Amino acid sequence: MVIHTKKKPRLHLHTGKKAAVRKKAENTSVTVKRRKPYSGIRERLAESGKSVKVRNQSLKTLAAAGARAGARQVEGGEEIKESLDLAATAAAPVMGITSGAGKLYRRKKAENKEKERERKAEHRKKQIQKDTRQAENSGRSGKNAGNKKRDRNGKKRNGKKDSPGKKRGKGSVNGAVKGHMIDTFLEAFRTEREEQKDLITSTKSAAKAAALLLAKQAAVVLAPVLLVVFFVIAVAGIIVVAILAVIYNSPLAIFFPLPDTGYDNPRTVLSEYYRDFNSQIASLEEKGYVVTYQNSEDGVPLSNFNDTLMVYMVKYGTGQAAYVMDDEGKKHLKEVFDEMNYYDSSSSATQIPAGASLGEVVTTGYCNCSLCCGKWAGGHTASGTVPKADHTLAVDAHSPKVPMGTKIIMNGKTYKVEDTGNFARYGTDFDIYFDNHAAAQAWGKRKVEAFLAEGNENTVEVVVSGTLVHNLTYEDYIALDKLTEEQVDWLKSMMSDEMQDSLLAGTGGQAVADLAMTKIGCRYSQDKRYQEGYYDCSSLVQRLYKEVGIDLPATAAAQGEYCYKNAMIINKKDLKPGDLIFYSYEENGEFRNISHVAIYVGDGKMVHAANPSRGVVIDPLRTNNVVFYARPY
């Protein structure tokens, strides 16, 4: 019997010929030939391992020589070579320990295998002897049982009939031996598998130990480097924090995103101060005061918003967080604002040339209430202007004393005929507008001498009321000698064009400018100003700003008044795309006589709804008749 495996037969069982079967069981010859499990494979693995080892060593030698040769050919090669030598030196102990551990393991394994082989051989010898004795006993038992059966039946059995009993006994011996040999083979196979597992586990443990030792040595070498890197990062972080702390406790804080302090932003607080101040100026203009500004450009008043803000930061932002608008911060900001924004009002009598005398005329007073104006109460004048005290005159609509628009000098004041009424039947030549009903009643009905304002036929005395608005620039404030030399240097640097451009960067008007460029070619119409494809100057501005989320009034004058009172006035040099330019081409009685508005789109160009013949067009920026420039956000 031969038991085959995938490679060579492991077990060979030789028995005698058929004639030998008739012999007794004790004369059975059993020969067991045992080969080492996977002996050929193990030899080839050993040879392969040696080859790999030799090849790896050769490759390592060649790689090291190549690396050293290459290192000499490049810049910094000596440092590379030293690094390679250091890595080899650090790895040498690990490789030595790994090699020693492998040799020790193989020696112990060989000793254990030899002991195990001797133990198994002794065990197999005893087992074969035991199996042989059991087979002999089994044969004798079978023979006795056959004899007893023949005695009971009274029949004799010949030697030929006795052979089955003998055959069964011999078969039992062969089966037991074969089973034992198969068990022995399987046990050897399992032992070999366990030895392979032990080898793998031991190899893994040795590799882990080597890796751990290498990591420890690498940590010893790299620890100083890591400490230096960590130290550099920590120092850099400390420096950044220190720089930010210095910046936010200096005047430069206003150029950076301000942290949430729980208080209003300085710009918001300053805008409120300007809103109140400009409302006062507008009230004086409505009362007939002639308003002039200390600083203007081409007749356009200069905005000193940034000047005021920078002066405040220079005075109170050194060594402390001036952007915190608590009670003390608001107090200091208001002090600076009052120093840089104030006005002087005065009235004086002066002799001016005048035209022909109209003689004594009969005058009465009226206001914009329902008692005086009836269904037209609260509205505009007949010429479409807003009536103003000490300025607006009304003539009879059917029998006017003078034509509409005529300027008349009466009672030391210059008036303009802007309205009409129905009072000639009462003998009244002019109806004078007052800002409240009590003043109109107090005036009553009076006779005064009147002159035409245009002409040189006469010289009359008039009372001129004027208001000078002091809008100080940062240079004006420096001239007041209220700053130290260091503060002056700070202020000049912060007001430079470069710094101011960074302060205005990132504004949202570009979206409006881009939208305005898409409207070029649309038609002009005041009646259809809210229909798609039709615009007039103010509806163009209103509708485009509405698209970016900003609500503005409906007319150019109202838009200008909104920007003025909300401190949105800017200077010409600060124009950005999306900013507005307000013009005055006539005296219409509206705020600052504003009659037109355009959108600046950059590169010295503006887009506006010009007139019915041109529609929406792009033109070069016009600086004539400009009232002011504004940024409505």
Side-chain angles (χ1 to χ4, degrees), residues 276 278-291 345 347 358-453 462-465 467 553-562 564-565 586-595:
D276 295 340
N278 291 341
S279 295
Q280 296 176 27
I281 302 302
S283 178
L284 291 174
E285 289 181 315
E286 291 176 357
K287 293 179 180 179
Y289 284 80
V290 178
V291 177
S345 297
S347 297
L358 299 178
E360 284 190 340
V361 294
V362 178
T363 64
T364 55
Y366 81 105
C367 69
N368 212 6
C369 69
S370 58
L371 293 176
C372 297
C373 297
K375 63 180 181 179
W376 292 282
H380 288 55
T381 63
S383 61
T385 64
V386 177
K388 294 188 293 184
D390 298 326
H391 173 79
T392 300
L393 278 181
V395 294
D396 189 84
H398 304 286
S399 180
K401 185 75 174 179
V402 293
M404 291 283 285
T406 303
K407 291 184 178 180
I408 303 295
I409 298 175
M410 295 186 305
N411 198 32
K413 297 179 182 180
T414 301
Y415 295 88
K416 184 179 180 179
V417 179
E418 298 176 332
D419 207 356
T420 60
N422 186 17
F423 42 74
R425 54 184 174 172
Y426 303 114
T428 299
D429 297 311
F430 296 103
D431 209 3
I432 303 173
Y433 180 81
F434 293 88
D435 57 7
N436 59 78
H437 191 71
Q441 282 187 322
W443 178 262
K445 191 173 186 178
R446 301 183 188 182
K447 287 184 178 182
V448 295
E449 187 175 7
F451 298 87
L452 296 175
V462 297
V463 177
V464 177
S465 298
T467 298
T555 65
Q559 292 167 358
E561 184 176 12
Y562 171 83
Y564 178 81
K565 289 185 176 180
E586 61 183 358
E587 291 189 16
N588 56 12
E590 300 290 346
F591 178 77
R592 297 284 179 91
N593 292 314
I594 292 174
S595 57

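Bear in mind that the values here come from a model prediction, so they are computed numbers and not experimental data.
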Sorted by chain and residue number, the side-chain contact (heavy atoms from CB on, under 4.5 Å) partners of Pro400 (sequence neighbours excluded) come out as Val395
My understanding is that only residues two or more places apart in sequence, or in another chain, count here; which of them pass salt bridge (Lys or Arg N to Asp or Glu O under 4.0 Å) with Asp390? Lys413
Write down the atom of Thr385, the atom of Glu587, and the distance for their closest heavy-atom approach. CG2-O, 4.4 Å
Does the side chain of Val402 come within less than 4.5 Å of Leu358's, by heavy atoms? yes
For residues 369-379, which side-chain N or O atoms pair as donor and acceptor with protein atoms under 3.5 Å away, sequence neighbours left out?
none

Test of understanding: with salt bridge (Lys or Arg N to Asp or Glu O under 4.0 Å), list the residues that count as partners of Lys401, not counting sequence neighbours. none
Donor-acceptor pair, Ser399 side chain versus Asp396 backbone, under 3.5 Å? no
Minimal heavy-atom distance between Thr420 and Ala382, with the atoms involved, is OG1-CB, 3.5 Å
Spacing of CG belonging to Asn368 relative to NE2 belonging to His380, to within rounding of 0.5 Å: 10.0 Å
Keeping Ser283 on the side-chain end and Ser279 on the backbone end, is there a donor-acceptor pair under 3.5 Å? no
Name all residues meeting the side-chain hydrogen bond (donor to acceptor under 3.5 Å, both in side chains) criterion together with Glu360; count only those two or more places apart in sequence or in a different chain, and write none if there are none. none
Gln441 vs Phe434 side-chain heavy atoms within contact, under 4.5 Å: no
Between Leu393 and Asp419, is there a side-chain heavy-atom distance shorter than 4.5 Å? no
My understanding is that only residues two or more places apart in sequence, or in another chain, count here; which of them pass side-chain contact (heavy atoms from CB on, under 4.5 Å) with Asp276? none
Tell me, please, which residues at least two apart from Thr363 pass side-chain hydrogen bond (donor to acceptor under 3.5 Å, both in side chains). Trp443
Here the ring-ring contact (aromatic ring centres under 6.0 Å, His included) pairs for residues 388-433, sequence neighbours left out, are Tyr366-Tyr433
Taking salt bridge (Lys or Arg N to Asp or Glu O under 4.0 Å) as the test, write out the residues that go with Glu586, two or more places apart. none
Out of curiosity, Thr414 OG1 to Ile409 CD1, how far, rounded to the nearest 0.5 Å? 4.5 Å
Check Ala440 against Gly365 and note the closest heavy-atom contact, atom names and distance. CB-C, 3.7 Å
Heavy atoms of other groups near Lys407 NZ, more than 12 under 6.0 Å: no
Does any non-hydrogen side-chain atom of Pro387 lie less than 4.5 Å from one of Thr381? yes
Who passes salt bridge (Lys or Arg N to Asp or Glu O under 4.0 Å) against Lys565, sequence neighbours left out? Glu561
Just jot down the side-chain hydrogen bond (donor to acceptor under 3.5 Å, both in side chains) partners of Asp431, sequence neighbours excluded, or say none. Thr364
Which pairs, with at least one residue in residues 442-451 and sequence neighbours excluded, count as a salt bridge (Lys or Arg N to Asp or Glu O under 4.0 Å)? none
Check Met410 against Ala450 and note the closest heavy-atom contact, atom names and distance. CG-CB, 3.5 Å
